[in-house]
Amino acid sequence: MKTELQNTPDDLTLDQIMQRFATDEDARAYWESIHWPNGAVCPHCKNNEAKSIWKIEANKKKKIREGLHQCGKCDKQFTSTIGTIFEDSHIPLRKWLIAFYLNSASKKGISSLQLQRTLGLGSYRTALFMQHRIRHSLKETGFDNKMTGTVECDETYVGGKVKRPFKGAKLPDNKIPVVSLLQRDGKVRSQVVKCVTIKNLKAVLRRNVEPSATIMTDNLFAYRRATSGYTSHQVVNHSIGEYARGLAHTNGVEGYFSLLKRGVVGTFHHVSEQHLPLYLAEFDHRHNFRNVSDGQRTVEALKKSVGKRLMYRQPK
Ligand SMILES: [Zn+2]
């Protein structure tokens, strides 16, 4: 099974990635090893028996495309991209895999313009389309477990081009509120909220965090009521210059926010409210796999792309 990316060293370079996916056959073989770790599976009838699945030799003259398989059980044909974000894409799989790598390896993300240049894509819209599909695949479809232990919760405002005119001034309306939860020694989950209210904060916490947890927040008043029902709520009072009191701090989630903001400002310049959840999925993914190699982070991203087919209109 060719899944060497999983075992690549931390310093895997773009050049090595380009060589590894030099041809579409290489890229397809690699993708199949990620998508079908135990051999081909028919997406129509879920048949996974090697003895009743055959590979069909590609033949340009007969218009038989690469990677085609025949299922002996349901008698249908399939490829490894059916039901994934790559389905029906005319962008070579090779370029998709490199785009996944670039997305996973760049700390603050990669702009569509940069992606267009690096991959020699026909248009900016194609690059944007790829980026949105990648982000869509990184989006968690729902969590079957809630956070436990110590959970930091904080809110920030992202997007918009207008800065606060002076300290203490009202925030301009075009900033979008984001609430992030970070389990100490665990993962981060970020979401857009309509506005930061007791009700909304409470809903985010209830949905994601076990009542047995200890919640760490800053001194925003809304948290006092929003955290009722939790075992413990500890507050650091930023307004009097307090940033940590023993274990009581929100430094983890604030570190996450600073990277998110540098990404939004430095790389993406402007992010619309509609697309912000997708950017959050991207930043969450990188944060949650920050301690593994770029190659491994890419593999984890690719695994998430299964079952995420989405009809973004594809540029011609
Ligand atoms: Zn079948």
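Because the structure is a prediction, the values reported are computed rather than measured. One-based numbering, in listed order, for ligands and for the atoms of each.
- In terms of the side-chain hydrogen bond (donor to acceptor under 3.5 Å, both in side chains) criterion, Gln274 has no residue partners (sequence neighbours excluded).
- The set of protein atoms (N, O or S) found at less than 2.8 Å from the Zn ion (ligand 1) reads Cys42 SG, Cys45 SG, Cys71 SG, Cys74 SG, by chain and number.
- Sorted by first and then second residue, the salt bridge (Lys or Arg N to Asp or Glu O under 4.0 Å) pairs involving residues 65-80 (not counting sequence neighbours) are Glu49-Lys73.
- Within 6.0 Å of CG on Leu247 lie no more than 12 heavy atoms contributed by other residues, nucleotides or ligands.
- Residue pairs meeting the salt bridge (Lys or Arg N to Asp or Glu O under 4.0 Å) criterion with at least one partner in residues 198-215, sequence neighbours excluded, do not occur; the list is empty.
- Taken together through direct or relayed side-chain contacts under 4.5 Å among Ile, Leu, Val, Met, Phe, Trp and Tyr, Ile134 and Tyr101 form part of one hydrophobic cluster.
- Heavy-atom neighbours of Asp185 CG from other residues, nucleotides or ligands within 6.0 Å: at or below the threshold of 12.
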